[in-house]
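Have a look at the structure below before the remarks.
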Amino acid sequence: MEEKDRKKHHKKHSGPKADKKRKRHLNDLGLGDDEDARKRNPKAFAVQSAVRMARTFHRTQDLKTKKHHIPVVDRTPLEPPPVVVVVVGPPKVGKSTLIKCLIRNFTRQKLIEIRGPVTIVSGKRRRLTIIECGCDINTMIDLAKVADLVLMLIDASFGFEMETFEFLNICQVHGFPKIMGVLTHLDTFKNNKQLKKTKKRLKHRFWTEVYPGAKLFYLSGMVHGEYQKQEIHNLGRFISVMKFRPLTWQTSHPYVLADRMEDLTNPEDVRVNPKCDRKVSLYGYLRGAYLKNKSQIHMPGVGDFTVSDVSFLPDPCALPEQQKKRSLNEKDKLIYAPLSGVGGVVYDKDAVYIDLGGSHEEVRPNHELVQSLISTHSTIDVKMASSKVSLFMDSKPLGSEDVENQEFVMPKEEKQIDLKTGRVRRKAVFEEENDDGASDEEEGQNEEMSEDEMDGSEDGDGDDDVEGESDKEVPGQELGLRSAKRLKREETTEETAVELPAFADSDDDLEMSSGEEGETDLDESKEEAEDHGDEEESDEKESSDSDSESSSRQISKFTPCELGRKDKERRENHNLDHRLGKKVVPTTDSGNCTAEEASESEAEGSSLEEEEEEGLNDDSEAEESDRKGIQNAPEKNVDGVEWAESKAVEDEDGGGDVENLLKEEEEYGEENDFSADTAGALKWKEDLTQKAAEAFLRQQQSAPNLRKLVYGTVAEDADEEDDADEELGGLFHVSRPDKESKQKANALDCSKFPVETPQDWDLDEVMNSIRDCFVTGKWEADKDASKLLEEDEELYGDFEDLETGIVHKGKPAAEGDEDKEGKEPKAGEEEEKKKRMDKKRKLKEIFDAEYDEGDATYFDDLKGEMQKQAQLNRAEFEDQDDESRVQYEGFRPGMYVRIEIENIPCEFVLNFDPHYPIILGGLGNSEGNVGYVQLRLKKHRWYKKILKTRDPIIFSLGWRRFQTIPMYYIEDHNGRHRLLKYSPQHMHCGATFWGPITPQGTGFLAIQSVSGTTPDFRIAATGVVLDLDKSITVVKKLKLTGFPFKIYKNTSFIKGMFNSPLEVAKFEGAAIRTVSGIRGQIKKALRKPEGAFRATFEDKLLMSDIVFMRTWYPVSIPAFYNPVTSLLKPAGEKDTWTGMKTTGQLRHERGIRLKQNKDSLYKPIVREKKHFNKLHIPKALQKALPFKNKPKNHEKKAKPTKDQWRPAVIREPHEKKISALLTALGTVHSYKIKKAKLNHRQHLKDYLKRKDKEEEEKFKRQKEAKKKLFRIMGQKEKKRQKSSLKGSGEREK
Amino acid sequence: MASQPHSLSYVGCNFLRQRLVLSTLSGRPVKIRKIRAKEENPGLRDFEASFIRLIDKVTNGSRIEINQTGTTLYYQPGLLYGGVLEHDCSPHRSIGYYLESLLCLAPFMKHPLRIVLRGVTNDQVDPSVDVLKATALPLLKKFGIDGEGFELKITRRGMPPKGGGEVIFACPVRKVLRPIQSTDPGKIKRIRGTAYSVRVSPQIANRIVDSARSILNKFIPDIYIYTDHMKGTSSGKSPGFGLSLVAETTNGTFLGAELASNPQGQGTAVLPEELGLNCAKLLLEEIYRGGCVDSTNQSLVLLLMTLGQQDVSKVLLGPLSPYTIEFLRHLRSFFQIMFKIETKPSHEELQGGEKVLMTCVGIGFSNLSKTIK
């Protein structure tokens, strides 16, 4: 039984095993693989035809090159931003459910309601931002532009809907992100076959739309209102391993898909005017390209804005730390969706909020932070700045890792390089703090300062950091610090109300303060300063916990002041006029540097002055020494860690200098406090001591740092003199770096860099200084030919020159090395190792060069070059901290940024709906400008109407959606752009409109209206930008007509075409034509009738001819550009934006009928009968004609007379009978004859047939007889021959 | 309406060219006030007016407003147009003044630029056409601006004060520029030069050559200085002579120096020998400063680096000239770009003064004027 049940063995027919077997078998037979075949049958592989071979080669090469894409530099950041996954589909298809399921799959969290984008960590290397796309075409357009991956949900029970196709088309135009289809509602199919069929049909349709083989996912059914877990898991896996190709627009523009929005407007302003423009901060991951501060952005649905400030925040949804495990830890599975109220920690520029859940929601306003926000009467920015302290104090350093990271990077500016010695010095200076304060306080110059905002934010944080640090390291002082800090906080809040002049840099601050004191007209200031001194002292007493230090600091604080004064006096000689020019406004020290140094040659002269100052400083204080120590710290890069270390050191020996500094600031704060009460108008004069201290600190910084020399001044110069007020556009101020260059403002504009102090080139030392710049000089070790040669020799060792027979020996390396090892084992080993590595490298290079030689194509080279560039891009700023990196590169994609924007319409905030995506799209240079844009456009084949010139239409181009009035044109063979009234039905045409300048090659789409839904396909046209211009090239045909009024032979005088001789003169020589086709030329204007002219033609005209001239007239394009502001509409009405209507629409709505021109109406054609005259032949001609052509003079026939008429015959009945009988007889007779004839014919036929037969028989017989006869005759003949032969033979015999 | 791009405002006529050029490239309007407002003869000078006219010629749709006294200038840039043009430069400044700006703009036109400039070819103030031809053109080639229609030809030489020279400049257009990494200037392998003389004895050029060689021969033997004596119509309207020297390195760096005689009727006569010696010394100074780009072209190279793709560009320069420093500031205000500036102290080797390494990430500029078909 068992035997029987066992399956019979089947031989394998396919698969690797079978292949192997087959191969072996073939090999046994001697018919091996290809190579063998080549060997076995060389003739078959021989060149048959050179042409064909060339062709095949050509073809293979073509196919090969077809696969190539132009290589681009890979600019993806190391830590890329989350992938934007857009879930799109018609309503009720299951989008939200899918998103929820996906989120649950990745994070094990269940979201109830999803609003706006949700960012989750999906893997070790990938984060996702999932966003749902509604059916509003505005949303679809916006999201298609930022999507990396589109999940296209399709209701399988219904099939494709218009939205799906529309979205696909939008994607195609804007770069085509990856698209994955997802079929839902598959459980509605009861019939399996039907299901299969539907799946297949939908799949193939999807493939034709996207690309053959595009992934289509099937979600088979729902379980408890969710999709099946395994299917979602698979989908998630697909998403998290998907690769994306870079899209041109996205990679060349920075953009942010905002996931959070805060209104920063002053509440008072809103109270006074609820419709005032708002200041808003938006948060999100930066994607695409580098974003620069102060750059222009476009918010689709809102408008164009200038970024007033950008700062980066710690990543709220950070990728997990590097780990070995394959899967994520549970705690790394983060989710961040502030608009949906999810995400435990919310980061702000200078605060971190922790969402404590629902129960604490009510308590939150009582929180210190919020309270302080509510109670004070200053700008929100300031409040934030002040409130941050409290937050940090109460909470243990919140998210301390992140915060600290940010904080440690602060002292960037401190790194100084002495130009002379190349020494790197660092300074523990918090000058930025002052900057920050200044920036807050300076109302008018806010924008100016915000250029330095990066620094500002940096130091704000730095402050906190310092506090944190001190908390840790000097616990003994903690208490005192605390109290001091609290004080400080209060003060800063007060301080904010006070207006202070911005402090730029040391020298001039000093200059100013001392100058004021010196000058007689400012007595009060002096008094005040003294007052402050007193106050300070009293403060000192108050804060007695850290008494000793602060007192010592007092000394150090004042000494530099005096020094500065000395310094100042020295300078006053130069700068007197400037000082007079501006009293209140300080300038920058580095500005002075620039000026002076710029005039000298920097290299030599720059450090002189600084050295002097340093010298002064040096002998000034002993206290300073510890600080110097820090400065001299040899670290090159000011990394956060290093900074911390150096601080630690400093704390140890210096007794907490930083804290001293802090304390100082606190004290100043107190002073402010006092003064705020007292002085109103003279606020700027307060806390001079503070300024002095700051100035001193700055002074130290003024070592010749080139970066500072170039840029340092620009940022601060805004608050300089009166120019500052006259800034333009509200954002940028005059960048006049310093006073001296202001004098130079009208100097000679020349790029030459004259030598100020020529060296004496006759001296040997001078000459030697450039000796190595020449090929004749010494070369670097790695380039010196002789050294290289030596190395090569070592490498290759012994060889024999075959020509000469000389044997070259390599160095006895081994022995030498042994010796060395004996002496200095370690160094020798190192050296050895290095040598070996060098050798290896060289060998590899040689090998590579030889190996790759064959393959290296232009394409490969290009690719290699790009790769190299990409590496360089990554490596260049890698070792720098983010704060400074941001300055050079801009904010790099992948950062979580906070973008402040001012002057946003209030509707944006009032009507804010998180379901609608907010996108901040960065604009390139001059993309914010407007001009004429030329497009290549094609009406969409699914759109039912054709487009009319001058009908307003909505374009989606670049980031923007806007309505404009295009003109359609077609390019003639000679390059002329001829206006068209309507777009062609199935052809490309050109279009020109007035609108935002967008780079060439950008795709666009056009829709007639974005409001409501229609069953029809909405996308009217698609195309690409060809050209940008400031002038119009479109022309329309204009025919000028005229009439001849005098005609000579070929010359005619024409009138009615022009109005003046001047016009004629312009068209002299122009070609004209008559309707009948006679061509001619305009010659010259006539004097008499105005505008008439003489023209010549190739033939004589008739007076009835109409003469016309074809001319081309440039059309004017209406400068109409109206951005679609759909986001400003009230919630729920966001998809009802309507712009300018077409005249057709308006007529339809208002029931106005078009008044038609009567002439263009069709009427029934009535043709009059044509009447021809009689032909008249002249008599003379008649005479000459031959007779037959002569007109015959026929007599008119008279009417036939009565007798000529034949009378009718009326028969008698008898006669009638006779005639009837005769007719009958006749008929009978004729019938008889006919019959007989027929009979006869039949007889004849029969006879002929018979005759034929007989004849045939006869012929046969004859033939037979003939045959017989001939046979007999033949036999006879044969016989005769035979006999004759015989006879002869017999005879012979 | 699209928000009008925020304009920038400046004071004084210094760096006028920079401002107008950067404004044109960035598309941001610029307003310059108080142009020689305090001087006896206020307002724009002839040569500046001529420059503005030139900018107007090469652009399309620019709006230029100058007030009555010429002390305030408002410039709203259009798109760069190019084409075949002619321009009569003011004889107050040499053609180099105009050409320097054209070098910045020419690669970004709609149509390839081919322009005939008439005026003073060599003077003592601005870099002469000879030097620009020898140093700036190879520099542009490094950025991928190359090909058939790229030339700078001196058809006539004109000396101040009357001028009468003629120069043809042609440049192809490019959509994007290549980033460069030139951090190693290499070693000087040869020195070339031109000693020119117009409307003076042809012997003068030879005298200049001899004296210049006497110094340079101490460093390198490969020196060739052409003598260029123009006659007849191609010799301009004023007499004069001068020398321009260019040192070429193994890595394709060109360092130039030049000197011209005093214009007729101004200053004392200069001996040709003295001029040759001084010019050679100037070249040595330039070599001492070193870098991969000579001091006059610093701003040009920085601009082209800025306008590159979003890639890192690096260049090693000698000490930054005041003009360049101001240019860097302007770059920041127009393009929001900051350079990483690192000083490279001179090594123990004898290679001249210390150098500055400039690094930046390009802004991803693309030529918005060029038509695609």
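Bear in mind the structure is a predicted one, so any value in this text is a computation, not a measurement.
Between chain B and the residues A:Leu872, A:Asp762, A:Thr776, A:Thr251, the largest count of heavy-atom pairs under 4.5 Å involves A:Leu872. For the set A:Phe877, A:Phe962, A:Phe1120, A:Tyr290, the entry with the most heavy-atom pairs within less than 4.5 Å of chain B is A:Phe877. Contacts with chain B were tallied for A:Cys750, A:Gly995, A:Ala875; A:Cys750 has the most, counting heavy-atom pairs under 4.5 Å. No other option in B:Asp294, B:Val125, B:Ile220 has as many heavy-atom pairs under 4.5 Å with chain A as B:Val125. In terms of non-hydrogen atom pairs under 4.5 Å with chain A, the most contact-rich of B:Thr324, B:Ile363, B:Ile341 is B:Ile341. Your options are B:Lys175, B:Arg190, B:Gln181, B:Gln18, and the one with the most heavy-atom pairs under 4.5 Å with chain A is B:Gln181. Interface remark: of the candidates A:Gly777, A:Ser252, A:Ser926, A:Ser926 forms the most heavy-atom pairs closer than 4.5 Å to chain B. Contacts with chain A were tallied for B:Ser299, B:Ser366, B:Ser369, B:Ala247; B:Ser369 has the most, counting heavy-atom pairs under 4.5 Å.
A heavy-atom distance below 4.5 Å is found between the side chains of B:Arg289 and A:Val755. Looking only at side-chain heavy atoms (C-beta outward), A:Tyr888 and B:Cys360 stay at 4.5 Å or farther from each other. For the pair A:Asn925/B:Leu25, no side-chain contact is recorded, criterion being any heavy-atom separation below 4.5 Å from C-beta on. At a threshold of 4.5 Å between non-hydrogen side-chain atoms, the residues B:Lys187 and A:Asp772 count as touching. Looking at A:Gln869 and B:Pro179, their side chains come closer than 4.5 Å, going by heavy atoms from C-beta outward.
Atoms CG and CD, from B:Asp311 and A:Glu876 in turn, are 12.0 Å apart once rounded to the nearest 0.5 Å. In this structure, CZ on B:Arg332 lies 10.5 Å from NZ on A:Lys294, to the nearest 0.5 angstrom. From A:Leu1028, atom CG reaches atom OG1 of B:Thr371 across 8.5 Å, with rounding to the nearest 0.5 Å. A:Met767 contributes atom CE, which lies 4.5 Å from atom NZ of B:Lys218 (distance to the nearest 0.5 angstrom). Separation of atoms CG (B:Leu331) and OH (A:Tyr711) is listed at 6.5 Å; rounding is to 0.5 Å. With rounding to the nearest 0.5 angstrom, the CG atom of B:Leu79 is 4.5 Å from the CD1 atom of A:Ile997.
For B:Asp126, the salt bridge (charged side-chain N to carboxylate O under 4.0 Å, His left out) test picks out B:Arg93, with sequence neighbours left out. Every residue meeting the salt bridge (charged side-chain N to carboxylate O under 4.0 Å, His left out) condition with B:Glu48, not counting sequence neighbours, appears here in chain and number order: B:Arg36.
With a 4.5 Å cut-off on non-hydrogen atoms, B:Ile191 touches chain A through its side chain but not through its backbone. Within the 4.5 angstrom heavy-atom criterion, atoms from both the backbone and the side chain of B:Phe339 approach chain A. Using a 4.5 Å cut-off between heavy atoms, B:Glu100 touches chain A through its side chain atoms alone. With a 4.5 Å cut-off on non-hydrogen atoms, B:Glu39 touches chain A through its side chain but not through its backbone. Heavy atoms closer than 4.5 Å to chain A are found nowhere in B:Glu248, neither backbone nor side chain. A:Val1025 touches chain B through its backbone: at least one of N, CA, C or O sits under 4.5 Å from a heavy atom, while the side chain does not. In this structure, the portion of A:Val73 lying under 4.5 Å from any heavy atom of chain B is its side chain and not its backbone. In this structure, chain A has no heavy atom under 4.5 Å from any part of B:Pro185.
Panel note: side chain A:Asn929, backbone B:Gly27; a donor-acceptor pair is recorded below 3.5 Å. The backbone N or O of B:Glu342 sits nowhere less than 3.5 Å from a side-chain atom of A:Arg707 that would complete a donor-acceptor pair. In this structure a side-chain-to-backbone donor-acceptor pair under 3.5 Å is present from A:Gln1000 to B:Asn367. With hydrogens and angles ignored, the 3.5 Å screen pairs no side-chain donor or acceptor of A:Gln759 with any backbone N or O of B:Glu285. Under a 3.5 Å cut-off, the side chain of B:Lys340 and the backbone N or O of A:Glu889 do not form any donor-acceptor pair.
Heavy-atom minimum distance, B:Asn60 versus A:Asp1029: ND2-OD1, 2.9 Å. Smallest separation of non-hydrogen atoms from B:Leu16 and A:Asp749: N-OD2, 3.4 Å. Here the closest non-hydrogen pair linking B:Pro319 and A:Phe753 is O-CE2, 3.6 Å. Closest of all the heavy-atom pairs between B:Cys13 and A:Ala747 is SG-O, 4.4 Å.
By the 6.0 Å contact criterion, CZ on A:Arg874 is enclosed, its count of non-hydrogen atoms from other residues, nucleotides or ligands being greater than 12.
Of the N and O atoms on the side chains of B:Gln336 and A:Ser295, not one donor lies less than 3.5 Å from an acceptor on the other residue.
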Inset, instruction - May I have the step-by-step check of side-chain contact (heavy atoms from CB on, under 4.5 Å) for B:Thr59 and A:Lys1030, ending in yes or no? - result: CA-CA 9 Å; B:Thr59 56; A:Lys1030 290 277 184 186; over 6 Å; no
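Under the 30°/60° scheme for interplanar angles, the aromatic rings of B:Phe219 and A:Phe774 are found to lie parallel.
By the 4.0 Å N-to-carboxylate-O rule, B:Glu258 lies close enough to A:Lys752 to be salt-bridged with it.
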